[in-house]
Amino acid sequence: MNNFTFYNPTRIIFGKGTETRVGIETAKYSKRVLLVYGGGSIRKSGLYDKVTASLKEHGILFMELSGVVPNPRVSLVREGIRLCRENKLDFILAVGGGSVIDTAKGIAIGVPYQGDVWDFYDGKAQIKESLPVGVILTIPAAGSESSTSSVLTNEDGWYKKGTGSDLMRPKFAILNPELTYTLPPYQTACGAADIMAHVMERYFTNTQDVDFTDRLCEATLKTIIANVPLAIAEPDNYAARAEVMWAGTIAHNDLLGTGRDQDWASHKIEHELSAIYDVAHGAGLAVVFPAWMKYVYKHNIQRFVQFAVRVWDVDQGFANPERTALAGIERLKEFFRRIGLPVTLEELGVRDDRYEEMADKCTMGDTFEIGGLVKLKKKDVIEIYKLARA
Ligand code: NZQ
Ligand code: ZN
């Protein structure tokens, strides 16, 4: 196990009806708030009315920034920064999913910074300061509610990039599984793929003696595998929604990554897909992850055998570990299919082949290798896109 520091100060407020606590929690930090949300699901579900009532009840002045889209754009973040500066707002409240939270985080780091906020995402500036952010989560998926990162898309060139800092962890995250009843099945499934990907990016490591976190990873994956089909079949099954929601936060608050090297190649490869084709991040991962696995499994076959046996209950074929490893990858694909996700680029609707361009972007013109389990160059990334094709 590697040395590590683990610090996650996000206060998690979990359970039925907890969204009504938003006024009390926000008032601990500020009375001048920017409320950020997406395309309208929170108005349709009635959550907007509850949130604004709670803020008013606690004497909080708020302005609104709506219209965050999936694969959120830096232009809206710039708009939020302007609103905060002009109106002296010093707390950002995100009500929604990863896209809304990442927009809120971008605004929070952008307000105190003199330059353009994209500098942080482009690696040109380090985050030294952030306004506080609070969250009401409406979709278990990205894990941004207690993660250190924010991922944005720059329309100028269609780059999708992330930035990170401990300063960006939200102050609180309200998680009420009831708020996820309105999720369409496809969004529930995309969320599941993202949650699983966050676990697998950490699970597939060459670091030795990480048995405890291996088993936490396996338990998290099994929880998703058992509960997501239930949540899709019965959208208001509280027990299933609650398991998925808590697993989604744990998957990405970095507890599971403690003491080990991590991979993250699949995320980088996927981000290029959602940047150019505007596909849902989770759906892109359902396509990329199995292809990445097929490309790299021979480098650490034992780990892929462990994944197959412990997560998917594949019989351990001692005489043929390769067959066992491949059966695990196949079960993952079958699961994605079963919950209605695409598993090939064709099914994702990506029919042209801008592989060269995407591989170039994610390896910064082949100057940068991606991945921890196996270091990948541009040519490897192209091969992975090809493996994912059909
Ligand atoms: O905009 P509205 O109307 O709210 O609709 C959203 C959106 O269309 C809808 N939705 C959310 N909650 C709902 C709901 N519809 C009905 N009922 C509800 N309760 O779902 C759609 C997707 O929302 P989005 O926020 O885009 O989903 P997600 O949470 O999957 O976030 C994806 C983004 O997060 C980034 C991804 O790259 C992607 O841009 N990520 C952020 C990470 C981080 N900051 O730590 C890590 C991840 O790996 C990921 O990269
Ligand atoms: Zn992700």
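Both counts, for ligands and for their atoms, begin at 1 and track the order of listing. What you see below is based on every heavy atom in this structure, not just the backbone, and it leaves out hydrogens, waters and symmetry mates.
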Residue pair I269, I370: steps toward the side-chain contact (heavy atoms from CB on, under 4.5 Å) verdict: CA-CA 9 Å; I269 295 170; I370 61 167; 3.8 Å; yes

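Taking a 4.0 Å cut-off on heavy atoms, G96 fails to register as neighbouring ligand 1. Under a 4.0 Å heavy-atom criterion, N71 is in contact with ligand 1. Residue contacts with ligand 1 do not include E270, since none of its heavy atoms lies under 4.0 Å from the ligand. G40 counts as a contact of ligand 1, since one of its heavy atoms falls under 4.0 Å from the ligand.
In the model, D254 has no side-chain atom that pairs as donor or acceptor with a side-chain atom of N8 under 3.5 Å.
Each of the following atoms of ligand 1 lies closer than 4.0 Å to a heavy atom of T182: 16 (C), 17 (N), 18 (C), 19 (N). Of all atoms in ligand 1, numbered sequentially from 1 with element shown, those under 4.0 Å from a heavy atom of K160 are 36 (C), 37 (O), 38 (C), 39 (O). Near G38, the atoms of ligand 1 lying under 4.0 angstrom from a non-hydrogen atom of the residue are 1 (O). Those atoms of ligand 1 that come under 4.0 Å of a heavy atom in L179, given as number and element, are 19 (N). For ligand 1, the atoms lying closer than 4.0 Å to a non-hydrogen atom of S147 are 43 (C), 44 (N), 45 (O). Atoms of ligand 1 found under 4.0 Å from any heavy atom of P72 (numbered from 1 in listed order, with element): 39 (O). Near G97, the atoms of ligand 1 lying under 4.0 angstrom from a non-hydrogen atom of the residue are 25 (O), 29 (O). The V151 neighbourhood of ligand 1 comprises atoms 41 (C), 50 (O), with distances under 4.0 Å to a heavy atom of that residue.
From the protein, the heavy atom lying nearest to atom 15 (N) of ligand 1 is S41 CB, 3.6 Å. Protein heavy atom closest to atom 41 (C) of ligand 1, with residue, atom name and distance, is D102 OD2, 3.0 Å. In this structure, atom 46 (C) of ligand 1 lies nearest to the protein heavy atom A142 O, 3.4 Å. With respect to atom 47 (C) of ligand 1, the closest heavy atom belonging to the protein is H198 NE2, 3.3 Å. Among protein heavy atoms, the minimum distance from atom 11 (C) of ligand 1 is reached at T138 OG1, 3.5 Å. Here the protein heavy atom with the shortest distance to atom 7 (C) of ligand 1 is P70 CG, 3.9 Å. Among protein heavy atoms, atom 28 (P) of ligand 1 sits closest to G98 N, 3.6 Å. Annotation: atom 33 (C) of ligand 1 to nearest protein heavy atom, S99 OG, 3.6 Å.
E145 and K105 are not joined by a salt bridge, as no carboxylate oxygen comes within less than 4.0 angstrom of a charged side-chain nitrogen. Under a 4.0 Å N-O distance rule, the pair K377/D366 does not qualify as a salt bridge. The pair E64-R43 counts as a salt bridge, with a side-chain nitrogen and a carboxylate oxygen less than 4.0 angstrom apart. Classification of D116 and K124 as a salt-bridged pair fails, no side-chain N sitting under 4.0 Å from a carboxylate O.
When the N, O or S atoms of H281 are ranked by distance to the Zn ion (ligand 2), NE2 comes first. H267 contributes atom NE2 as its closest N/O/S atom to the Zn ion (ligand 2).
Note on D194: counted as a metal contact of the Zn ion (ligand 2), an N/O/S atom lying under 2.8 Å.
Aromatic ring pairs are classed by plane angle as parallel below 30°, tilted from 30° to 60° and perpendicular above 60°; the pair H198 and H252 is parallel. Relative orientation of the Y385 and Y355 rings is parallel, given thresholds of 30° and 60° on the angle between their planes. Ring planes of W118 and Y121: parallel class, angle under 30° (limits at 30 and 60°).
Annotation: cation-pi geometry not satisfied between R303 and F204 (NZ/CZ under 6.0 angstrom from ring centroid, within 45° of ring axis).
Taking the centre of each ring, F289 and W292 come in below the 6.0 Å mark.
Considering backbone and side-chain atoms alike, V100 places every N or O at 3.5 Å or more from each N or O of ligand 1.
Closest non-hydrogen pair, L285 versus S266, comes out as CD2-O, 4.0 Å.
When the heavy atoms of H281, K105, M168 are ranked by distance to atom 49 (C) of ligand 1, first place goes to H281. Nearest to atom 13 (C) of ligand 1 by heavy-atom distance, out of I139, L183, T188, is L183.
By the ring pair (Phe, Tyr, Trp, His ring centres under 6.0 Å) test, Y48 is found to be paired with Y37, residues two or more places apart in sequence or in another chain being considered.
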